[in-house]
Each structure stands twice: as structure tokens, then as C-alpha cells.
2 protein chains.
Amino acid sequence: MNIKNPTGTVLYSIEQAIKEYRKVSQKNIDKIVKDITIDQCLVLIILNKDERISQNELANLIFKDNASITRMIELMVKKDYLNRTIHKEDRRKFNLEITEKGKKTIELINPIVQVNRETALYGLSQEEINLLDKTLNKIITNCKI
Amino acid sequence: MNIKNPTGTVLYSIEQAIKEYRKVSQKNIDKIVKDITIDQCLVLIILNKDERISQNELANLIFKDNASITRMIELMVKKDYLNRTIHKEDRRKFNLEITEKGKKTIELINPIVQVNRETALYGLSQEEINLLDKTLNKIITNCKI
DNA sequence: TATTTTATATTGATATATCAATTATATTTG
DNA sequence: CAAATATAATTGATATATCAATATAAAATA
């Protein structure tokens, strides 16, 4: 176990890993796009795959509260990354549409995201990654019960 | 790889694991102590081991910004978990002292923290945990470079 | 159909995260 | 020793996290 771990559990290492990853990722994004966070990037990337996704689903996908998503999207609309229009079939919902600026931004950040992931996982074998994922999912299941 | 992973990388699972762990941990703490967060608990636990620690060091240990620590401690003083006095040798620093209420709280939360960790790691072998820690530390090192 | 329940999203309050600028004190260096 | 530099912590501004309460619309049910 790591010396610099004041709790002595691997759960601390999990937190540390994700924090370091987020830090380096944000730093690399900042070099290319000035006014976007990694979570906002993730929103763009997810919407780019399927624009019909609701704010609710989006919140679940990126582990955020509905309230947080509301405010994130507000900002992203203000910064012209997204358009928001009322959903015709279900008037409680909204359509989230990626703007031209949003699309260009996705093009810019896609390679960075790739590099970030490769950087973080450098030197890990596929087997090691699979095992990591498997163990983490055990923990996720344990915590959900 | 997990179906419910929109990014397709294990880094998403890392984030998910720590979020679920924090959620269940906070829920269990709430049952016993009303007005404390898991990060504030961690502050108490760390200070309980060594009260001579500075705010700076504390921030690094729990992956927070100096500014965040300042405000967290402010609150913890207000809620009577900590006392804060000026450091005599270095007048830029402060002594952080756990109050009686803080000490009682530590007694209350210690068993919960244990249970939380056991819950999260239930069914994992020691070997599996060691490997997890090792892999995570590779990622941490990769991101720090 | 009217009422109740559920789902989607917003708002308000408060805490935390992050960055940059600032204050105060210590340490280093010329 | 004086000036420059470094360190510890705070403050301000803005974004995000979280919880509870609310508004609105849709779906279920009596």
C-alpha cells in the first residue's frame, strides 16, 4: 500500500487517480479551447452520439444532479455550445442541439480526449485494464446495494 | 467493458466507483451524525493522527485547494468541531485542534468508516485489492508526469 | 373524466471547487 | 541588513454539488 495514503485503503487511491486524471485532462483541454470544462466536453461528446437524450439521462451518465445539469446547460447555451428548444411530444422536456461552435469544438477536443486517455493508461496491458474495470465494477455494485 | 459506460474507457469506471462510494458513505454517516460531510470526517481523522499538520498539507492529503480548506475549516470551527489558534513559531500558520465534540464525533464515525470500506470492498480478495492499488498508482504516476 | 401519482426540470440556499489576486510572514540572497 | 523571493493562508468571483421545495406536464387510476 502507498505510503502517501492517509486512510490506508485503496478507495483513497481511486479518488486520487480520478483527481489526477481530471487535472491533467483539463490542463490539456485548456491549451486548445479556452472556456470549456472537461464535464462540458463530455456533455458535447455524449450529445454528439445521440441528441435525443434528456437532461435527466445526461445527469445520470455524467454522475451529476439534475440541478447541476440545468445550470451547466444554461451556461453552455450562454456560451453558444448548445441550443435548447421545447420538446414537442413531451412538454416537460427539452431538445438539446449542438451548435456550429459546439461541433467545431468537438473536432478540436476529440484528439485531446484520446491523448488524455492514452496518457493515463500508458504502459497498462489490455488485461490489466480489463481487470481494473472488473474490480471497479464489483465495488460499484457493492456500493449500490 | 460495461454497457453503461458512454466513454468506453476504464477511467469512467474509476469515476463511477468513487462517486458511488462517496454516496453510500455519506448516507451511512448521515444516519449517525447530522451535520458533517465525509470530507469533514476525513479532516477529523487525519488531524486525530497528527494535529501539527498545516492547512496546506491537509489540502494536499484530501485533494483539495487551499481555498476550499480555508472555508471547510471555517465551517468546522463554526460547528464546533475544531478550534483554531495562531501558530507561535510560524505566524503564517494556524494550530488546528479537535474539540470535545470533534473527539466524540470521531468515536461515532470510526465504526461507520470501517463499515463503509468493508461494504465497498466486499468479496474482493487481498490480491485483487493489491493489484487494484498497483494499477491505480500507475495511472496516478502517468497523470502526474 | 377528475384525481392522484409520477416524471422532468427549475429555483433557492448553502457548501465546495477553482483560479487569480492579495495579505502577512519567513526565508534567501545580494 | 535590505531587497527579493518564497510560503501560508485568505478573499473574491464564478462554477458546480447537493438538498429540499416547487412548477409543470404526463401517466395511471378510481
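Keep in mind that this is a model prediction, so the values were computed, not measured. Note on naming: letters A, B, ... go to the chains in the order of the sequence lines (proteins, then strands), and numbering restarts at 1 for each one. Below, all heavy atoms of this structure are taken into account, side chains as well, without hydrogens, waters or symmetry copies.
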Inset, instruction - In whole angstrom, give the distance that lies between atom CG of B:Asn66 and atom P of C:dA20. - result: 14 Å

Inset, instruction - Quick one: label A:Asn56 by what it contacts on the DNA or RNA (base, sugar-phosphate, nothing), any heavy atom closer than 4.0 Å. - result: sugar-phosphate

Inset, instruction - Determine which pairs satisfy ring-ring contact (aromatic ring centres under 6.0 Å, His included) with at least one residue from residues 42-64 of chain B, sequence neighbours left out, and list them in order. - result: A:Tyr12-B:Phe63

Inset, instruction - Please list, by residue number, the residues of residues 29-48 of chain A whose heavy atoms come closer than 4.0 Å to an atom of DNA chain C; answer none if no residue qualifies. - result: none

Legend entry - Contacts of B:Val77 that satisfy side-chain contact (heavy atoms from CB on, under 4.5 Å) - sequence neighbours left out: B:Ile73, B:Leu82, B:Arg84

Legend entry - A:Arg71 and A:Asp65 ion-paired at < 4.0 Å: no

Inset, instruction - Using a heavy-atom cut-off of under 4.0 Å over every strand shown, decide if A:Asp90 touches base, sugar-phosphate, or nothing. - result: sugar-phosphate

Legend entry - Atom-pair distance (CZ on B:Arg91; C1' on C:dT23), nearest Å: 13 Å

Inset, instruction - Provide, to the nearest angstrom, the distance between the CD1 atom belonging to A:Ile53 and the P atom belonging to C:dA9. - result: 11 Å

Inset, instruction - May I ask you to say what B:Leu75 touches in the nucleic acid, namely base, sugar-phosphate or nothing, with a heavy-atom cut-off under 4.0 Å? - result: sugar-phosphate

Inset, instruction - Would you mind telling me which residue lines up with the more 5' stretch of DNA chain C, B:Lys64 or A:Arg71, judged by nearest nucleotide? - result: A:Arg71

Inset, instruction - Please check the phosphate of C:dT10 (OP1 and OP2 only) for any side-chain N or O of A:Arg84 closer than 4.0 Å. - result: yes

Legend entry - Atom-pair distance (CD1 on A:Ile73; C1' on C:dA9), nearest Å: 10 Å

Inset, instruction - Please state whether the base of C:dA7 and the side chain of A:Arg92 form at least one donor-acceptor pair under 3.5 Å? - result: yes

Inset, instruction - Mind calculating the distance between NZ (B:Lys93) and C1' (C:dT23) to the nearest angstrom? - result: 18 Å

Legend entry - Donor-acceptor side-chain pairing of A:Ser13 and A:Gln16 below 3.5 angstrom: no

Inset, instruction - Using distance alone, with no hydrogens and no angle criterion, decide if A:Asn137 and A:Asp133 have a side-chain donor and acceptor under 3.5 Å apart. - result: yes

Legend entry - Lys/Arg N to Asp/Glu carboxylate O, A:Asp35 vs A:Lys101, below 4.0 Å: yes

Inset, instruction - Tell me whether B:Ile36 is reachable from B:Leu47 by hopping between hydrophobic residues (I, L, V, M, F, W, Y) whose side-chain heavy atoms are closer than 4.5 Å. - result: yes

Inset, instruction - Shoot me the first and last contacting nucleotide of DNA chain D against chain A, ordered 5' to 3', at under 4.0 angstrom to non-hydrogen atoms. - result: D:dA15 to D:dA26

Inset, instruction - Answer with base, sugar-phosphate or nothing: what part of the nucleic acid does A:Glu74 contact at a heavy-atom distance below 4.0 Å? - result: sugar-phosphate

Inset, instruction - Find which nucleotide of DNA chain D each of B:Thr70 and A:Ser68 is nearest to by heavy atoms, and output the residue with the more 5' nucleotide. - result: B:Thr70

Inset, instruction - Not counting sequence neighbours, list each pair that qualifies as a salt bridge (charged side-chain N to carboxylate O under 4.0 Å, His left out) and has a residue in residues 40-52 of chain A. - result: A:Asp50-A:Arg52

Tabulate below the donor-acceptor pairs under 3.5 Å that side-chain atoms of residues 113-123 of chain B make, not counting sequence neighbours, or state none.
| unit_1 | atom_1 | unit_2 | atom_2 | d |
| --- | --- | --- | --- | --- |
| B:Asn116 | OD1 | B:Asn28 | ND2 | 2.7 |
| B:Asn116 | ND2 | B:Ile112 | O | 3.4 |
| B:Thr119 | OG1 | B:Val115 | O | 2.7 |

